[in-house]
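Note: hydrogens, waters and symmetry copies are ignored here, and every other heavy atom, side chains too, is used.
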Amino acid sequence: MAESDDGDAAVDLERRRHPRLPVRERGTLLKDGRMHPLVDCSVGGFFCLLPPESLPPVGQSVEVRLVLTADGSTVDDFDVAARIVRHTEPSGHVGARIVEVNGVAAHRFEAFLEECRSREQGV
């Protein structure tokens, strides 16, 4: 695992400020015109799967779109500026910290996360 610190998973978990919510069946990440599976996300970041040959280096800034679907149709999408904080080779799992979600999109993103939270808790 490549990471900006010593690579200890426990340390990484302690740095998270927001609980991650699984969105595997409902989320996709659009990067450089290609769609990739979004595994989970929170207000502070996301975890996705990218092809090993296109893994961005730790510390790199990326502009991506998080696309959320239900029943095969797009529900919402959010343009996000993020910084890569870790990736696991060769699996292609990438963790990123969200740097910016602008304006109305930020409120829609938070509402989506609240909906996911409610579904997960069975509310």
Side-chain heavy atoms of V43 within contact of E110, under 4.5 Å: yes
Side chain proximity check, I98 to F46, heavy atoms < 4.5 angstrom: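 I98 reaches F46 side chain to side chain.
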Roughly how far apart are [X] [atom1] and [Y] [atom2], rounded to 0.5 Å?
X    : Y   : atom1 : atom2 : value
D76  : T69 : CG    : OG1   : 11.5 Å
T28  : R65 : OG1   : CZ    : 12.5 Å
L30  : D79 : CG    : CG    : 9.0 Å
E100 : S61 : CD    : OG    : 11.0 Å

Test salt bridge (charged side-chain N to carboxylate O under 4.0 Å, His left out) applied to R34 - qualifying residues, sequence neighbours left out: none
Of the non-hydrogen atoms in [X] and [Y], which two are nearest, and what is the gap between them?
X   : Y   : value
A96 : I84 : CB-CD1, 4.1 Å
H36 : K31 : NE2-O, 4.0 Å
C48 : L29 : SG-CD2, 4.0 Å
V99 : R83 : CG2-N, 3.9 Å

Criterion side-chain contact (heavy atoms from CB on, under 4.5 Å) on V94 and L49, from CA distance to verdict: CA-CA 6 Å; V94 175; L49 186 61; over 6 Å; no
Pairwise ring-ring contact (aromatic ring centres under 6.0 Å, His included) hits with a residue in residues 59-82, at least two apart: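 Residue pairs passing ring-ring contact (aromatic ring centres under 6.0 Å, His included), neighbours aside: F78-F109.
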Transitive ILVMFWY side-chain link V62 to L66, under 4.5 Å: yes
Verdict with reasoning, V58 to H87, per side-chain contact (heavy atoms from CB on, under 4.5 Å): CA-CA 7 Å; V58 171; H87 59 70; 4.0 Å; yes
Flag, side chain of S42 to backbone of G45, donor-acceptor distance under 3.5 Å: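 It does hold such a pair.
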